[in-house]
Amino acid sequence: MNKKTTIYDIARALGITVSTVSRALNNVPTISEATRQLVLAKAKELNYSVNKIASSLSSGRSNTIGVIVPTMQIHFFAEAVHSIEKELKKHNYSLLLYQSNESYSDEVNGVKTLLEAQVDGIIASLSLETQQIAHFQEVIKQGKSLITFDRTHQDIAAPVVKLNDFEAGYLATKHLIEQGYKKIGFITTNKEIAIFQDRFSGFEAALKEADLPQLDDLIVRGELSIEAGIKGTEQILQSSIQPDAIIGGDDFTAVGIIQALKAAEIAIPATGVIGFANQTFSSFITPTLSSIDQQANKMGEECAKLFLKMVKQKDPYEDIEQVVLDPILIKRKSTCRIDN
């Protein structure tokens with residue numbers, strides 16, 4: 001078996017000190033570009049590979065960041081993670097991904113696993129079950145950089161990247177009102193997650209502004225899924241008040257709404273449907289689904305920028321920033337009865 005090349009071998013071959021080789025490999029600014037290139041060339045020639053564990057122990061950095069999301073099956077999270085990875089890769093960071101699958105216990109285990117892996121920080125979007133935040137407080141306690149995005153918690157004293165979800169709910173509802181809809185239903189989650197509460201508050205504000213009543217028989221709180229959209233719509237249609245539009249808490253729920261309306265032989269967009277997240281499938285189903293775009297790419301970019309800023313600071317929490325992005329209305333056939 002061939003002996004693995006070490007920085008001592010590179011130093012010996014070039015006739016320089018081991019510390020010079022180490023600084024060159026770690027891009028320390030005090031090393032000249034000529035020396036750095038010389039060391040990199042010799043390292044490549046000798047087939048040298050970095051021992052990341054040893055490197056992290058000596059430098060206190062692993063150049064690895066953990067990302068926790070509820071699920072990669074939702075395009076929004078997949079797009080955000082892709083954007084985070086793309087940005088951090090430019091700065092030689094690797095990414096460890098953990099899915100909580102909307103489970104609080106899985107999320108707690110994910111944080112524990114990533115901390116044990118010696119990540120330099122964690123970027124997380126909370127599960128629907130999460131109410132206790134001690135596991136995230138532990139990240140802060142250890143001096144690791146923590147950023148929460150999209151689904152956040154007001155008691156986590158760390159930077160946040162989020163959508164203006166009040167505006168998202170308001171924008172979706174105002175669009176329906178502008179299209180002539182007046183009896184508007186809403187199928188959303190019963191979980192106490194801020195983004196969904198804020199969207200509902202925006203819905204209420206838009207109705208109030210237009211002097212339209214909030215019809216409680218048309219409000220269903222349960223799960224967010226295609227199945228929940230179907231069941232919620234069936235429940236609403238049994239009401240004495242028939243809706244002329246229904247908002248889905250996300251695009252999957254909105255798809256369920258469309259399926260239930262079709263099954264009841266109710267035409268769309270005579271009855272309008274809109275969702276949130278602008279999933280890829282939204283432009284391919286029939287009718288195409290109007291949705292609120294959450295700027296997943298931009299959200300991922302902002303998370304990466306905040307992390308890179310935090311790791312350079314002596315105290316990563318000396319400046320706790322909050323980045324709030326504007327929602328974007330995507331109009332499609334499921335709501336545009338006047339425009340059509």
Side-chain angles (χ1 to χ4, degrees), residues 52-72 74 76-77 80-81 83-85 87-88 91-163 165 189 191-198 299-324:
K52 287 193 173 182
I53 295 176
S55 178
S56 65
L57 288 172
S58 62
S59 67
R61 293 276 177 87
S62 65
N63 271 62
T64 305
I65 184 164
V67 176
I68 301 176
V69 294
T71 174
M72 288 293 281
I74 295 178
F76 166 78
F77 291 117
V81 169
S83 181
I84 291 168
E85 184 174 31
E87 286 298 310
L88 292 180
H91 300 269
N92 299 316
Y93 276 92
S94 299
L95 185 149
L96 291 178
L97 178 65
Y98 195 99
Q99 298 180 79
S100 69
N101 295 308
E102 301 291 13
S103 164
Y104 167 72
S105 60
D106 282 0
E107 183 180 277
V108 171
N109 188 58
V111 170
K112 182 175 180 288
T113 300
L114 292 172
L115 288 176
E116 288 174 349
Q118 297 297 313
V119 294
D120 293 335
I122 293 177
I123 297 174
S125 187
L126 279 59
S127 81
L128 285 174
E129 292 184 352
T130 301
Q131 293 185 28
Q132 304 300 317
I133 57 168
H135 52 307
F136 289 119
Q137 302 286 22
E138 181 61 27
V139 180
I140 298 170
K141 183 180 177 182
Q142 291 191 21
K144 306 279 188 179
S145 298
L146 173 67
I147 298 156
T148 59
F149 75 100
D150 186 48
R151 300 185 195 170
T152 63
H153 194 292
Q154 62 180 6
D155 293 333
I156 298 177
V160 165
V161 182
K162 59 183 286 189
L163 191 72
D165 284 290
T189 180
K191 306 294 185 182
E192 295 182 5
I193 300 294
I195 66 169
F196 300 110
Q197 294 174 335
D198 289 346
M299 202 170 285
E301 287 175 10
E302 293 297 333
C303 284
K305 287 177 183 176
L306 280 177
F307 168 76
L308 292 169
K309 181 177 179 180
M310 291 175 77
V311 294
K312 291 177 182 177
Q313 296 172 170
K314 186 174 182 181
D315 175 7
Y317 300 99
E318 68 183 38
D319 183 20
I320 298 178
E321 294 185 46
Q322 183 175 94
V323 178
V324 181

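No experiment lies behind these values; they were computed from the predicted model shown.
- Applying the salt bridge (Lys or Arg N to Asp or Glu O under 4.0 Å) criterion to E138, with sequence neighbours excluded, gives no partner residue.
- Contact between G110 and I68 at its shortest, heavy atoms only, is C-CD1, 4.0 Å.
- The shortest heavy-atom contact between D198 and K162 is OD2-NZ, 4.2 Å.
- Within the 4.5 Å cutoff, the side chain of R151 has heavy atoms near those of the L128 side chain.
- A distance of 6.0 Å or more separates the ring centres of F307 and H91.
- Of the N and O atoms on the side chains of Y98 and D106, not one donor lies less than 3.5 Å from an acceptor on the other residue.
- Under the 4.0 Å criterion applied to side-chain N and carboxylate O atoms, K191 and E102 are not assigned as salt-bridge partners.
- Aromatic ring pairs are classed by plane angle as parallel below 30°, tilted from 30° to 60° and perpendicular above 60°; the pair F149 and F77 is perpendicular.
- Across D120 and N63, no two heavy atoms sit closer than the pair OD2-N, 2.8 Å.
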Taking it one step at a time, do L126 and F136 satisfy side chain to side chain contact (heavy atoms under 4.5 Å, CB included)?
CA-CA 10 Å; L126 279 59; F136 289 119; 3.9 Å; yes
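- You'll find the side chain of D150 reaches within 4.5 Å of the side chain of F76, heavy atoms only.
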Side chain to side chain contact (heavy atoms under 4.5 Å, CB included) between I123 and I65, worked out:
CA-CA 8 Å; I123 297 174; I65 184 164; 3.6 Å; yes
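- A 4.5 Å side-chain heavy-atom check between L115 and V139 finds at least one atom pair inside the cut-off.
- Remark: Q313 CD to L308 CG distance equals 11.5 Å, nearest 0.5 Å.
- Residues E302 and E87 form no side-chain contact, since every pair of their non-hydrogen atoms from C-beta on lies 4.5 Å or further apart.
- With values rounded to the nearest 0.5 angstrom, E107 atom CD is found 3.5 Å from T130 atom OG1.
- In this structure, Q322 CD and L306 CG are separated by 10.5 Å, a value rounded to the nearest 0.5 Å.
- The main-chain N or O of N109 is found under 3.5 Å from a side-chain atom of T113 such that the two form a donor-acceptor pair.
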Residue pair V81, L97: steps toward the side chain to side chain contact (heavy atoms under 4.5 Å, CB included) verdict:
CA-CA 9 Å; V81 169; L97 178 65; 4.1 Å; yes
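- What you find for L146 and Y317 is that their closest heavy atoms are N-OH, 2.9 Å.
- Considering NZ of K305 and NZ of K309, their distance stands at 12.0 Å, rounded to 0.5 Å.
- Taken from CD1 in I140 to CD1 in I156, the straight-line distance is 7.0 Å, to the nearest 0.5 Å.
- Between P316 and G143 the shortest heavy-atom distance is CG-O, 3.7 Å.
- Here the CD1 atom belonging to I84 is positioned 8.5 Å from the CD1 atom belonging to I147, to the nearest 0.5 angstrom.
- With a 4.5 Å cut-off on side-chain heavy atoms, S83 and M299 do not count as touching.
- Scanning both residues, D155 and Q137, for their nearest heavy atoms gives O-NE2, 3.6 Å.
- Within 6.0 Å of CD in E192 there are 12 or fewer heavy atoms belonging to other residues, nucleotides or ligands.
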Verdict with supporting geometry, H153 and Q131, side chain to side chain contact (heavy atoms under 4.5 Å, CB included)
CA-CA 8 Å; H153 194 292; Q131 293 185 28; 5.5 Å; no
